[in-house]
Number of protein chains: 2
Amino acid sequence: MTYDLALAALADPTRRQVFERLAAGPRSVGAIASGLPVSRPAVSQHLKVLRAAGLVADRAQGTRRLYFIDRGGLAALRAWLDRFWDDSLAAFQAEVERPATTRKKGNQP
Amino acid sequence: MTYDLALAALADPTRRQVFERLAAGPRSVGAIASGLPVSRPAVSQHLKVLRAAGLVADRAQGTRRLYFIDRGGLAALRAWLDRFWDDSLAAFQAEVERPATTRKKGNQP
DNA sequence: GCTTACCGTAAGTCATGACTTACGATCTGG
DNA sequence: CCAGATCGTAAGTCATGACTTACGGTAAGC
C-alpha cells in the first residue's frame, strides 16, 4: 500500500541508522541523536519521514517522546517484495541459464 | 550485502517502473522506454543503476540488448528485511498494546 | 562498404532533499 | 511560578541525482 514511502525512507543511510537503533528497542529522540553524526533536529526530521511511511510510531512520555518500530511499514514492504519475487520467477528462470554472454552487476571498465 | 544499493535503486519511481516492466519478461531498452514518460538515455541510466544493485542483468542480442530480472538484488533485500523483522519483534511487541496515547503515521495538522 | 537501427556515455541543467542554526512550545521539578 | 530539559518546526544553504540533448560505437541488412 505505502511501500513506496517505506522504500524512499529506508533509502537514506542516516535514516537507516535511526531505524536500526529503534530495532534494538524504544528510544527517545535525544538518545537516538547521541552517537549519530547529525544534529538532533535532523533526527527529528528523519523520524517524521519514517513515521509517515509507517515504519515507526511514537508515544509521549513526559517531556520526552519515545519512538519505536511500527511493523506496518515493514509488512507492506515485504508484501510488495514477495509479490515481485513470485511474479519475476517465471521471467527470470527463462533467462537464468542461457549459453549467451551475460554480464552482471558492477560496471567493469 | 548490497541491500543498500537495492534500496536506493528501488526508491526512485521511474526506476521502479522500469523494474516492474522487466518483471513481466525480458525487454530491450527501447521497448522499456516506449510508454515511459522519459527518454531512452534516461532508461539506460536507470538500468545501469539497477544492474549495479544486482536487480537486473542484461544480454546482448544483435544490435539490441535484452534486460531481465536478476534475483540476487531482491534476495539481498529480502534477507535484510527478514533479519529486521525478527530483530524488531521483541522491541515492537513490548510497545504494541500500551494504554498510553500512541500517534501513528501521517502528520495530522 | 554504407546506411540504418539500437544503445551507452558525456556534458549540462534544474529540482529535490538532507543538513544546519534559530526559535517556540510543552512538560516536569523545585 | 519560574528554570531547565526535551522536542518539533521554520528558514536557509548546499550537494546529489534525475533528466535532457548531443555524440560515438557496434551489429545487421541491402
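Throughout, a chain's letter reflects where its sequence line sits, starting with A, and its residues are numbered from 1.
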Donor-acceptor contacts under 3.5 Å from residues 18-26 of chain B side chains, at least two apart:
{"from": "B/Arg21", "atom 1": "NH1", "to": "B/Ser34", "atom 2": "O", "distance (Å)": "3.1"}

Starting from [atom2] on [N], measure out to [atom1] on [X] and report it in whole angstrom.
X: B/Ile32; N: C/dC6; atom1: CD1; atom2: C1'; answer: 13 Å
X: B/Arg65; N: D/dA28; atom1: CZ; atom2: C1'; answer: 16 Å
X: A/Arg64; N: D/dG8; atom1: CZ; atom2: C1'; answer: 17 Å
X: B/Gln61; N: C/dA5; atom1: CD; atom2: P; answer: 18 Å
X: A/Asp58; N: D/dG8; atom1: CG; atom2: C1'; answer: 11 Å
X: A/Arg27; N: D/dC7; atom1: CZ; atom2: P; answer: 13 Å
X: B/Arg59; N: C/dC7; atom1: CZ; atom2: C1'; answer: 16 Å

**Message:** Let me check the geometry of the helix from C/dG1-D/dC30 to C/dG30-D/dC1. What is the bend angle between the axes at its two ends, five pairs each, to 10°?
**Reply:**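 Rounded to the nearest 10 degrees, the bend comes out at 30°.
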**Request:** Provide the closest heavy-atom pair for B/Ile32 versus B/Arg27 in the form atom of the first, atom of the second, distance.
**Result:** CG1-CB, 3.6 Å
**Asked** Taking all non-hydrogen atoms of both residues, which atom of B/Arg15 and which atom of B/Ala8 are closest, and how far apart?
**Response**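 Where B/Arg15 meets B/Ala8 most closely, the heavy atoms are NH2-O, 3.2 Å.
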Which residues share a side-chain contact (heavy atoms from CB on, under 4.5 Å) with [X], sequence neighbours left out:
X: A/Gln17; answer: A/Leu36, A/Pro37
X: A/Val29; answer: A/Arg40, A/Val43, A/Ser44, A/Leu47, A/Tyr67
X: A/Ala11; answer: B/Ala11
X: A/Thr63; answer: none

**Item:** Counterpart residues, salt bridge (Lys or Arg N to Asp or Glu O under 4.0 Å), relative to B/Arg78 (two or more places apart)
**Value:**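 By the salt bridge (Lys or Arg N to Asp or Glu O under 4.0 Å) rule, B/Arg78 matches A/Asp82.
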Just the atom pairs and distances: protein N or O near nucleotides 11-18 of chain C's N or O, under 3.5 Å.
{"from": "C/dA18", "atom 1": "OP2", "to": "A/Arg15", "atom 2": "NH1", "distance (Å)": "2.8"}
{"from": "C/dA18", "atom 1": "OP2", "to": "A/Arg15", "atom 2": "NH2", "distance (Å)": "3.4"}

**Prompt:** Is the closest side-chain heavy-atom distance between A/Arg16 and B/Tyr3 below 4.5 Å?
**Reply:**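 Side-chain contact under 4.5 Å: yes.
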**Proximal nucleotide (of D/dC7, D/dT20, C/dG8) relative to the B/Val29 side chain** =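 Looking only at heavy atoms from C-beta outward on B/Val29, the closest nucleotide is C/dG8.
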**Message:** Generate the contact string for nucleotides 23-30 of chain C. Rules: B means base contact, S means sugar-phosphate contact only, - means no protein heavy atom under 4.0 Å.
**Reply:** ----S---
**Asked** Does A/Ser28 have a side-chain nitrogen or oxygen under 4.0 Å from the phosphate oxygens OP1 or OP2 of D/dC7?
**Response** yes
**Message:** Just N and O in the side chain of A/Tyr67: are any of them under 4.0 Å from OP1 or OP2 of D/dT6?
**Reply:**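 No, A/Tyr67 has no side-chain N/O under 4.0 Å of OP1/OP2 on D/dT6.
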**Request:** Select from A/Pro37 and B/Leu47 the residue whose nearest nucleotide in DNA chain C is closer to the 5' end of that strand.
**Result:** B/Leu47
**Prompt:** Can you list every pair that meets ring-ring contact (aromatic ring centres under 6.0 Å, His included) and has a residue in residues 23-51 of chain A, with sequence neighbours left out?
**Reply:**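 Of all non-adjacent pairs touching residues 23-51 of chain A, none passes ring-ring contact (aromatic ring centres under 6.0 Å, His included).
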**Prompt:** So how far is it from A/Leu5 CG to A/Leu50 CG, rounded to the nearest 0.5 Å?
**Reply:** 11.0 Å
